[in-house]
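Before any comments, here is the structure.
In what follows, chains carry the letters A, B, and so on, assigned in the order in which the sequence lines appear, proteins first and then strands, with residues in each chain numbered from 1.
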There are 2 protein chains.
Amino acid sequence: MDDLTEMLKGTLEGCVLEIIGSEETYGYAITRRLNELGFTDVVEGTVYTILLRLERHGLVQVTKRPSGVGPPRKFYSLNDAGREELARFWTKWQYVSSRIDKLKEGGR
Amino acid sequence: MDDLTEMLKGTLEGCVLEIIGSEETYGYAITRRLNELGFTDVVEGTVYTILLRLERHGLVQVTKRPSGVGPPRKFYSLNDAGREELARFWTKWQYVSSRIDKLKEGGR
DNA sequence: AGCGGTACTCGGTATCACGTAGTACTGGTT
DNA sequence: AACCAGTACTACGTGATACCGAGTACCGCT
């Protein structure tokens with residue numbers, strides 16, 4: 001699949017929120033998860049900028065823990081604000097994707 | 001619906017391509033069409049920047065015609081490159097939206 | 001003459017994903 | 001002990017995009 005970067009703008013952050021929401025996890029693992037989900041070209045740098053943004057916006061709780069196989073990991077989990085933001089994201093996604101699908105079906 | 005701008009990045013241009021592909025039309029009408037499709041906050045300035053970009057990328061054919069109710073209109077239609085780009089857009093959309101929907105369903 | 005609706009242009013801004021380079025910790029190999 | 005690959009995070013800059021605001025211009029109607 002060719003370049004998806006523009007189409008992922010505004011949705012990738014939501015995907016990261018969803019992943020964090022489903023289980024407490026850390027940046028490196030999130031990148032792997034996105035890759036196996038089909039977003040093969042998403043690289044670590046991108047995920048870390050998103051994580052820093054989420055932290056700056058106060059949507060996540062961060063806990064640092066030693067890893068055993070490398071430097072310590074920063075584990076992320078959603079707080080209340082994060083769960084609200086995630087819900088908002090899915091509402092918006094539902095809205096936008098349904099309109100676009102309608103347009104695709106020649107929606108008059 | 002609150003702010004959708006980030007989520008529309010990368011998709012709005014495809015929507016405009018689709019609208020032009022279904023009938024020869026012009027900027028002002030495209031804006032109205034998007035608005036009635038549910039993208040209520042998309043304004044003329046945005047559509048015109050997209051149209052200029054499409055023209056610069058050689059994806060559309062442009063014909064200026066008098067309007068009778070105002071200044072002359074620039075009518076846009078897709079050329080071969082535009083139709084190819086539109087097909088690529090829908091392929092990408094199908095790819096991305098299906099992965100995101102899968103993630104939403106707790107895709108393991 | 002003025003006004004509202006139509007129609008397009010242009011310059012600047014914010015946000016976002018991405019590229020690249022760098023730092024740092026660990027365990028295993030030589 | 002020295003090196004390296006894999007893990008894990010940080011920081012700075014770039015390009016693309018949607019949006020905002022102001023401006024220009026044309027038309028019919030009052």
Side-chain angles (χ1 to χ4, degrees), chain A residues 1-17 24-35 39-57 59-60 62-76 85 89 92 96 100, chain B residues 1-17 24-35 39-57 59-60 62-76 85 89 92 96 100:
Chain A
M1 177 61 49
D2 45 286
D3 194 25
L4 302 176
T5 70
E6 289 310 323
M7 201 171 278
L8 291 178
K9 288 196 178 173
T11 61
L12 198 54
E13 179 179 313
C15 294
V16 172
L17 275 175
E24 187 187 42
T25 182
Y26 56 98
Y28 195 79
I30 293 170
T31 310
R32 297 287 152 268
R33 181 98 180 81
L34 286 168
N35 293 153
F39 305 110
T40 52
D41 293 343
V42 173
V43 293
E44 290 154 43
T46 301
V47 173
Y48 288 117
T49 52
I50 291 174
L51 290 174
L52 290 177
R53 194 161 66 227
L54 294 179
E55 195 175 350
R56 213 168 56 236
H57 291 345
L59 302 174
V60 289
V62 188
T63 315
K64 205 166 205 166
R65 297 210 196 96
S67 129
V69 295
R73 294 167 174 160
K74 285 174 71 176
F75 280 83
Y76 293 83
E85 181 60 32
F89 167 73
K92 278 161 67 167
V96 169
I100 291 179
Chain B
M1 178 59 52
D2 46 285
D3 194 25
L4 303 176
T5 71
E6 289 309 323
M7 201 172 278
L8 291 178
K9 287 194 179 175
T11 60
L12 198 53
E13 179 179 313
C15 293
V16 171
L17 274 175
E24 187 185 41
T25 181
Y26 55 98
Y28 195 80
I30 293 170
T31 309
R32 297 288 152 267
R33 181 99 180 81
L34 285 169
N35 292 153
F39 305 109
T40 52
D41 293 342
V42 173
V43 293
E44 290 154 42
T46 300
V47 174
Y48 288 117
T49 52
I50 292 175
L51 290 173
L52 291 177
R53 194 162 65 228
L54 295 179
E55 194 175 350
R56 213 167 55 235
H57 291 345
L59 302 174
V60 289
V62 189
T63 315
K64 204 167 206 168
R65 298 211 197 95
S67 128
V69 294
R73 294 166 175 162
K74 285 174 71 176
F75 280 84
Y76 293 82
E85 181 60 32
F89 167 73
K92 278 161 67 167
V96 169
I100 292 179

Indicate whether OP1 or OP2 belonging to [N] is found under 4.0 Å from a side-chain N or O atom of [X].
X: S67(B); N: dT6(C); value: no
X: K64(B); N: dA7(C); value: no
X: Y28(B); N: dT6(C); value: yes
X: R53(B); N: dT17(D); value: yes

Nucleotide of dA7(C), dC9(D), dT9(C) approaching Y48(A) most closely (side-chain heavy atoms):
dC9(D)
For P72(A) and E6(A), find the nucleotide of DNA chain D closest to each by heavy atoms; which residue's nucleotide sits nearer the 5' end?
P72(A)
Between G45(B) and F75(A), which has a closest nucleotide on DNA chain D that is more 5'?
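Comparing both residues, the 5'-ward one is F75(A).
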Contact class for [X] vs. all strands (heavy atom < 4.0 Å): base, sugar-phosphate, or nothing?
X: T5(A); result: sugar-phosphate
X: T49(A); result: base
X: L51(A); result: nothing

Grab the [atom1]-[atom2] distance between [X] and [N] for me, whole Å please.
X: K9(A); N: dC18(C); atom1: NZ; atom2: P; value: 9 Å
X: L12(A); N: dT15(C); atom1: CG; atom2: C1'; value: 14 Å
X: K74(B); N: dC8(C); atom1: NZ; atom2: P; value: 8 Å
X: I50(A); N: dG19(C); atom1: CD1; atom2: P; value: 13 Å
X: Y26(B); N: dT9(C); atom1: OH; atom2: P; value: 14 Å
X: D2(B); N: dA18(D); atom1: CG; atom2: C1'; value: 16 Å

Taking all atoms of both residues into account, what is the closest heavy-atom pair of R73(B) and V69(B), and its distance?
NH2-CG2, 3.5 Å
Verify, without hydrogens or angle tests, whether K92(B) (side chain) and T11(B) (backbone) share a donor-acceptor contact under 3.5 angstrom.
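Here the side-chain-to-backbone pair does not exist.
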Do the non-hydrogen side-chain atoms of Y26(A) and V47(A) ever get within less than 4.5 Å of each other?
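Side chain of Y26(A) against side chain of V47(A), heavy atoms only: no contact under 4.5 Å found.
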Of V42(B), I50(B), L51(B), which meets side-chain contact (heavy atoms from CB on, under 4.5 Å) against I30(B)?
L51(B)
